[in-house]
Visitor: 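Structure below; questions to follow.
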There are 2 protein chains.
Amino acid sequence: MPRNAETASYKFNHTMIRIKDPKVSLPFYQDVIGMELLAEKKFETFTLYFLAFNHDGKDLTPEEKNKQRFSREGVLELTHNHGTESDASFQGYSSGNSDPGRGFGHIAITVGNIEEACARFERLGVPFKKRLTDGTMKNIAFILDPDGYWIEVVPGSLEI
Amino acid sequence: MPRNAETASYKFNHTMIRIKDPKVSLPFYQDVIGMELLAEKKFETFTLYFLAFNHDGKDLTPEEKNKQRFSREGVLELTHNHGTESDASFQGYSSGNSDPGRGFGHIAITVGNIEEACARFERLGVPFKKRLTDGTMKNIAFILDPDGYWIEVVPGSLEI
């Protein structure tokens with residue numbers, strides 16, 4: 001199907017998932033995964049965090065980062081509903097990969113060297129859903145984010 | 001947090017959601033949303049469909065499309081578990097936005113002109129979760145995909 005004039009401006013801007021505790025998830029997505037925080041928007045009952053990979057490594061001003069939120073692809077939005085982080089009765093969020101709640105599957109990051117990437121995740125204590133050596137597909141892995149969402153780790157040059 | 005050498009190659013490549021029926025979802029994501037099918041990978045019990053916006057409008061060869069699957073950002077992966085489309089007992093997938101199953105929120109597309117985009121979705125009979133005129137945020141809308149997943153429609157120049 002060729003792209004048409006009516007949708008020519010459209011971009012797949014972001015994916016939103018809910019998180020229990022930004023004090024845990026932000027260091028994970030920034031330090032472990034390597035994304036940059038583009039903006040933090042606090043509302044009365046929730047806060048939104050927008051993250052993305054900074055591909056050219058250039059330092060961006062807060063204004064440039066804020067603008068990128070809706071002008072590029074590959075943005076991850078984390079929604080924190082205030083209070084979940086300290087609510088003993090909070091059951092946690094569904095990863096989308098088991099019933100009830102099955103639907104959403106995962107987000108995926110491509111990496112230049114998957115052996116190095118997975119060795120680093122092991123070293124940093126990141127839990128794995130599937131190591132490179134598990135199952136039949138030896139060239140992809142799945143790690144778990146702090147809320148249990150699956151993150152596929154895949155070589156940028158994968159052929160399946 | 002500055003980007004570091006270890007994660008410099010990383011990209012937020014794709015987001016995966018499960019779909020009930022590709023005969024319904026593919027026309028939706030191609031014709032209504034305007035994405036291009038990059039690749040279709042059939043396995044014994046499931047088929048994967050990879051889609052993305054073709055931003056420069058250039059015709060791509062099947063090889064170029066296939067390569068883009070893991071070399072760019074903004075890819076949507078649809079997983080079809082064979083049989084759901086004709087299984088009368090299939091309950092459908094969770095959108096992630098209600099209990100049980102709350103977690104995943106939505107994907108978002110940015111558009112050049114949100115009034116035109118929403119008028120077009122209306123004309124095409126796309127169900128809305130939130131019209132521009134609903135609620136307090138008059139500059140964003142939410143439509144529903146064929147499985148009930150929420151798709152935020154947002155101006156590429158939004159300021160919140």
Side-chain angles (χ1 to χ4, degrees), chain A residues 1-4 6-18 30-31 33-37 41 52-55 57 59 69-71 73-77 79 93-96 100-113 116-117 120 147 149 152 154-158 160, chain B residues 1-4 6-18 30-31 33-37 41 52-55 57 59 69-71 73-77 79 93-96 100-113 116-117 120 147 149 152 154-158 160:
Chain A
M1 172 75 191
R3 190 173 179 75
N4 66 62
E6 288 175 306
T7 60
S9 69
Y10 292 14
K11 290 181 187 172
F12 179 5
N13 170 243
H14 73 249
T15 296
M16 188 280 266
I17 54 177
R18 295 175 178 86
Q30 291 174 292
D31 304 347
I33 300 297
M35 287 179 161
E36 198 166 80
L37 185 65
K41 301 287 169 181
F53 287 109
N54 179 351
H55 295 294
D59 280 336
R69 279 190 304 144
F70 298 110
S71 66
E73 296 198 320
V75 174
L76 180 68
E77 178 184 4
T79 294
Y93 289 118
S94 166
S95 78
R102 198 170 172 85
F104 171 64
H106 58 259
I107 61 171
I109 55 167
T110 48
V111 301
N113 184 316
E116 276 179 20
R120 178 172 165 271
D147 286 278
Y149 295 112
E152 185 179 2
V154 51
S157 57
L158 182 68
I160 59 167
Chain B
M1 172 76 191
R3 191 171 178 77
N4 67 60
E6 289 176 305
T7 60
S9 69
Y10 292 15
K11 289 181 188 172
F12 178 5
N13 170 242
H14 72 249
T15 296
M16 188 281 265
I17 54 176
R18 295 175 178 85
Q30 290 175 292
D31 305 347
I33 299 298
M35 287 178 162
E36 198 167 80
L37 185 65
K41 301 288 169 181
F53 287 109
N54 179 352
H55 294 294
D59 280 337
R69 280 191 303 144
F70 297 111
S71 66
E73 297 198 318
V75 174
L76 180 67
E77 178 184 4
T79 295
Y93 289 118
S94 165
S95 78
R102 197 170 172 83
F104 172 64
H106 58 259
I107 61 170
I109 55 166
T110 48
V111 300
N113 183 317
E116 276 179 20
R120 178 172 166 271
D147 286 278
Y149 295 111
E152 185 178 2
V154 51
S157 57
L158 181 69
I160 60 169

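Reminder, nothing fancy here: chain letters follow the sequence lines and each chain counts from 1. Predicted model only: the values in this text are computed from it and were never measured.
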Visitor: I'd like to verify something: which residue of E73(A), E77(A), E6(A) has the highest number of heavy-atom pairs under 4.5 Å with chain B?
Guide: E73(A)

Visitor: Can you see which heavy atom on S9(A) is nearest to which on G112(B), and at what distance?
Guide: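 Scanning both residues, the minimum pair turns out to be OG-N, 2.7 Å.
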
Visitor: Distance from I109(B) atom CD1 to K11(A) atom NZ, nearest 0.5 Å?
Guide: 12.5 Å

Visitor: With heavy-atom distances below 4.5 Å as the criterion, would you say the side chains of M16(B) and E152(A) are in contact?
Guide: no

Visitor: Is any side-chain heavy atom of F12(A) less than 4.5 Å from a side-chain heavy atom of T15(B)?
Guide: yes

Visitor: What part of T79(B) lies closer than 4.5 angstrom to a heavy atom of chain A: side chain, backbone, both or neither?
Guide: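 Neither part, no heavy atoms under 4.5 Å.
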
Visitor: Give the minimum heavy-atom separation between Y149(B) and F104(A), together with the two atoms involved.
Guide: OH-N, 3.8 Å

Visitor: Which distance, rounded to the nearest 0.5 Å, do you find between the CD of E36(B) and the OG1 of T7(A)?
Guide: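 One finds 10.0 Å between CD of E36(B) and OG1 of T7(A).
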
Visitor: Going by heavy atoms in the side chains, are T110(B) and Y10(A) under 4.5 Å from each other?
Guide: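 No. Closest side-chain heavy atoms not under 4.5 Å.
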
Visitor: Specify which of G101(A), P155(A), A117(A) makes the most heavy-atom pairs with chain B at under 4.5 Å.
Guide: G101(A)

Visitor: What part of V154(B) gets within 4.5 angstrom of chain A, counting heavy atoms only: side chain, backbone, both, or neither?
Guide: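 V154(B) touches chain A through side-chain heavy atoms alone.
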
Visitor: Sort E116(B) into side chain, backbone, both or neither according to what part of it lies under 4.5 angstrom from a heavy atom of chain A.
Guide: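 For E116(B), neither part sits under 4.5 Å from chain A.
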
Visitor: Looking only at atom types and distance, does a side-chain atom of R18(A) sit under 3.5 Å from a main-chain N or O of G103(B), one as donor and one as acceptor?
Guide: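 Checking the backbone N and O of G103(B) against the side chain of R18(A), a donor-acceptor pair under 3.5 Å is found.
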
Visitor: Which bit of R120(B) comes within less than 4.5 Å of chain A, counting heavy atoms only: side chain, backbone, both or neither?
Guide: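 The side chain, not the backbone.
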
